[in-house]
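Structure first, then comments.
In this text, all values refer to a predicted model and were calculated from it rather than measured experimentally. Hydrogens, waters and symmetry mates are skipped; everything else that's a heavy atom, side chains included, is used.
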Amino acid sequence: MPQLIAVYDTYKNTGRPIYILAHSWGAVIMHDVMHRVAKIRPDVQIDKFITIGTPLMSRWMISPITNYQVNKFHLLKVVSKPVNLRYWKNIWARRDPFSNIVPAADLNVQIDESLGFPEIYLTSLGAIRMDLRLQIDMDLLHLMNVHAWHKSYYKGFKTILKSINRKIDVEVFDSQIAPEIAACTSKSYL
C-alpha cells in the first residue's frame, strides 16, 4: 500500500498517468490495495487497472482456494470497482479456470472467444474416427492445457490440432496488453 501511494506522490504533478497491470493472484491483491488506499488517501487516482487471468471472480473449481486465501489474508470478499480507479480492463480466457468475467470492470476481453469450440468437434470426430482417436486425445490435451492458458497472457497460446490440421495461435500481450500500456506515452492521452 505505501508503494502505490509513493508512486502516485512521485508522479502526480508530471501529468503522467498511473497504470497497474496485474496477473492472477496479483490482481486480487491490487484490487484490495486500491480499495484500502482510497479510504486513507482519496486523492490517489489510478488511471488504468489491467487484470489478466485473475481469480477475482473465480469459477467453482478454483473458488475454494480463492476463498481460503481471501479469508487468510483478510482481503475484500466483494469485487467492486475502486472509487479511485478511472478505467478497468479485464482480460480472461474460458480455458483458463483461474480467470473469468469481472462484472465490476469497465471492459472484459475474452482472448479465446474467436476459437469457437473445437473441443466439441474433436470429441464428436473421435466417436466416429477411431483411427484418429489417439491424435484427437493428444490435441484435446494440448487445447485444454490449463498451465499454458494461464501463462498465455504473456507468451500467447500456440498449438496445432494435428487431427484436423488446424493451427491455434492466440497472441494476447501484443494485441491486448501492450497497446494499453503504450497509450500512457501518447500525447493524445496527456
Taking every heavy atom of S80 against every heavy atom of W88, the minimum-distance pair comes out as O-CZ3, 3.8 Å
Has D112 got a side-chain atom pairing as donor or acceptor with R94's backbone, closer than 3.5 angstrom? yes
Do T51 and I91 come close enough that some side-chain heavy atom pair is under 4.5 Å? no
Can you hop from I164 to L115 via hydrophobic side chains spaced under 4.5 Å? yes
Any sub-3.5 Å donor-acceptor pair from Y87's side-chain atoms to I50's backbone N or O? no
Measuring from E119:CD to M144:CE, what's the distance to the nearest 0.5 Å? 6.0 Å
Beyond-backbone contact of D9 with R41, side-chain heavy atoms, under 4.5 angstrom: yes
Given D96, which of H150, H147, K151 fulfils the side-chain hydrogen bond (donor to acceptor under 3.5 Å, both in side chains) condition? H150
Quick one: are I5 and I40 in side-chain contact, heavy atoms under 4.5 Å? yes
Side-chain touch P82/I46, heavy atoms, less than 4.5 angstrom: no
Derivation of the side-chain contact (heavy atoms from CB on, under 4.5 Å) call for V170 and S152: CA-CA 8 Å; V170 177; S152 71; 6.0 Å; no
Determine yes or no for a side-chain-to-main-chain donor-acceptor pair under 3.5 angstrom, with T14 supplying the side chain and Y11 the backbone. yes
Are more than 12 heavy atoms, taken from residues, nucleotides or ligands other than N165, located less than 6.0 Å from that residue's CG atom? no
Rounded distance (nearest 0.5 Å) linking atom CZ of R133 with atom CG of L125: 10.0 Å
Centre-to-centre under 6.0 Å for H31 and F49, is that the case here? no
Measuring from L143:CG to N145:CG, what's the distance to the nearest 0.5 Å? 9.5 Å
Same apolar cluster (I L V M F W Y, side chains within < 4.5 Å links), V7/L85: yes
State the CG-NZ distance between N84 and K39, to the nearest 0.5 angstrom. 11.5 Å
Flag if over 12 foreign heavy atoms under 6.0 Å of NZ, K155: no
Path from I160 to L122 over hydrophobic side-chain contacts below 4.5 Å: no
Under 4.5 Å between any side-chain heavy atoms of D32 and R36, yes or no? yes
Report yes or no: does N108 contribute a side-chain atom to a donor-acceptor pair with the main-chain N or O of V102 at less than 3.5 Å? yes
So R86 and D106, salt bridge (Lys or Arg N to Asp or Glu O under 4.0 Å) or not? Walk me through it. CA-CA 9 Å; R86 290 191 177 111; D106 295 298; over 6 Å; no
Heavy-atom nearest pair, R95 first then G116, reads NH2-O, 3.0 Å
For residues W92 and T54, determine if any side-chain heavy atom of one lies less than 4.5 Å from a side-chain heavy atom of the other. no
If you measure from CG on L140 to CG on L161, what distance do you get to the nearest 0.5 Å? 8.0 Å
V146 reachable from M138 in the ILVMFWY side-chain graph, under 4.5 Å edges: no
Using side-chain heavy atoms (C-beta onward) and a distance below 4.5 Å, is V83 in contact with H35? no
Shortest non-hydrogen contact between L4 and M34, atoms and distance: CD2-CG, 4.1 Å
Could you tell me whether the side chain of D139 and the main chain of S163 form a donor-acceptor pair under 3.5 Å? yes
For N90 and A105, indicate whether the former's side chain and the latter's backbone hold a donor-acceptor pair under 3.5 Å. no
Using the ring of each side chain (for Trp, its six-membered ring), is W149 parallel, tilted or perpendicular to F157, with breaks at 30° and 60°? parallel
Just verifying a value: how many Å separate M30 CE and L56 CG, rounded to the nearest 0.5 Å? 11.5 Å
Evaluate the side-chain proximity of K167 to K158: yes if any heavy-atom separation is below 4.5 Å, no if none is. no
Starting from F117, can I reach L141 by hopping between I/L/V/M/F/W/Y residues whose side chains sit under 4.5 Å apart? no
Modelled atom types, side-chain donor and acceptor of Y153 and S24, under 3.5 Å: no
